[in-house]
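Single-structure report; data block below.
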Amino acid sequence: SISFLLTADVESETESYLSTGPSEIQSTVLKAAHHGSKSSSTANFLAAVDPDAVLISVGEGNSFGHPNVDVLGRLVSQTGVDRLYRTDQDGDVEFVTDGRELWVNTER
């Protein structure tokens with residue numbers, strides 16, 4: 001009953017298609033698209049996915065300014081600050097599941 005949605009670098013147009021398409025998009029864990037850039041993680045998409053936890057894979061001090069502050073706000077509103085994981089702050093993040101429960105281990 002645990003699922004993962006790995007979004008790669010999709011942007012808002014693809015998110016819109018996925019969230020209104022014929023398939024169920026809901027997932028337990030969401031890997032935020034495009035390193036948390038402002039072109040992804042729209043409110044409608046997050047509502048459709050309804051994740052319990054979100055991972056942002058992002059380099060510390062990156063020159064792109066990722067993750068975007070508005071995206072962070074939407075993600076925190078969705079999951080709460082304790083269920084938002086960022087590689088720039090948490091280091092390596094490991095999701096472990098037995099198919100029924102989810103555990104998260106972080107480097108920091």
Side-chain angles (χ1 to χ4, degrees):
S1 63
I2 303 294
S3 57
F4 295 82
L5 179 57
L6 309 175
T7 56
D9 282 344
V10 302
E11 295 186 349
S12 58
E13 182 179 337
T14 303
E15 288 181 351
S16 177
Y17 172 78
L18 290 172
S19 59
T20 60
S23 63
E24 177 67 34
I25 196 73
Q26 189 172 13
S27 187
T28 311
V29 178
L30 172 67
K31 186 221 163 257
H34 206 186
H35 316 285
S37 77
K38 66 181 178 182
S39 63
S40 303
S41 300
T42 61
N44 288 342
F45 182 70
L46 293 175
V49 176
D50 192 26
D52 294 330
V54 174
L55 171 67
I56 303 175
S57 178
V58 61
E60 189 172 357
N62 67 82
S63 61
F64 299 101
H66 295 150
N68 175 271
V69 68
D70 294 332
V71 169
L72 284 173
R74 288 193 295 269
L75 295 173
V76 167
S77 291
Q78 178 67 43
T79 64
V81 71
D82 292 339
R83 300 295 284 174
L84 175 61
Y85 302 93
R86 299 172 47 167
T87 57
D88 62 335
Q89 294 180 348
D90 297 312
D92 292 337
V93 180
E94 176 185 44
F95 293 93
V96 180
T97 184
D98 62 2
R100 293 181 308 273
E101 293 187 57
L102 178 70
W103 299 273
V104 183
N105 302 314
T106 63
E107 179 181 20
R108 299 182 201 141

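All figures in this text were calculated on a predicted structure; none of them were measured in a lab.
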* Are Val58 and Leu5 joined in one hydrophobic group, where the rule is that I, L, V, M, F, W and Y side chains link up if heavy atoms are under 4.5 Å apart? -> yes
For residues 42-53, tabulate all N or O donor-acceptor pairs below 3.5 Å that involve a side-chain atom, not counting sequence neighbours.
unit_1	atom_1	unit_2	atom_2	d
Thr42	OG1	Glu15	OE1	3.1
Thr42	OG1	Phe45	N	3.4
Asp50	OD1	Gln78	NE2	2.9
Asp50	OD2	Gln26	NE2	3.4

* **Partners passing ring pair (Phe, Tyr, Trp, His ring centres under 6.0 Å) against His66 (at least two apart in sequence or in another chain)** => His34, Phe64
* Among all residues two or more places apart in sequence or in another chain, which pass the side chain to side chain donor-acceptor pair (under 3.5 Å) test with Ser40? -> none
* Reference residue Thr7; test side-chain contact (heavy atoms from CB on, under 4.5 Å); the match among Thr14, Leu18, Leu30 -> Leu30
* Which residue pairs pass the salt bridge (charged side-chain N to carboxylate O under 4.0 Å, His left out) test with at least one member in residues 95-108, sequence neighbours excluded? -> Asp98-Arg100
* Close side-chain approach of Ser3 to Thr28, heavy-atom, < 4.5 Å -> yes
* Asked: Going by side-chain heavy atoms closer than 4.5 Å, which hydrophobic residues are tied to Val96, directly or by a chain of links?
  -> Trp103
* **side chain to side chain contact (heavy atoms under 4.5 Å, CB included) between Phe4 and Thr97, worked out** => CA-CA 11 Å; Phe4 295 82; Thr97 184; 4.2 Å; yes
* Heavy-atom pair with the smallest gap, counting every atom of Ile25 and Ser19 -> CG2-CA, 4.3 Å
* Structure fact -> CG (Asp90) and CG (Leu55) are apart, to the nearest 0.5 Å, by 8.5 Å
* **Sequence-distant partners of Arg86, salt bridge (Lys or Arg N to Asp or Glu O under 4.0 Å), two or more places apart** => Asp88
* Asked: How long is the gap from OG on Ser41 to NZ on Lys31, to the nearest 0.5 Å?
  -> 9.0 Å
* Asked: Donor-acceptor pair, Ser77 side chain versus Gly73 backbone, under 3.5 Å?
  -> yes
* **Rounded distance [0.5 Å steps], CD1 in Ile56 versus CG in Leu84** => 4.5 Å
* Asked: Could you state the interatomic distance from OG (Ser27) to CG (Leu6), rounded to the nearest 0.5 Å?
  -> 8.0 Å
* Can you find a pair of side-chain heavy atoms, one from Thr87 and one from Glu60, that are under 4.5 Å apart? -> no
* Structure fact -> For Val81 and Val76 the tightest heavy-atom approach is N-CG1, 4.0 Å
* Would you please test Lys38 and Val69 for side chain to side chain contact (heavy atoms under 4.5 Å, CB included) and show each step? => CA-CA 8 Å; Lys38 66 181 178 182; Val69 68; over 6 Å; no
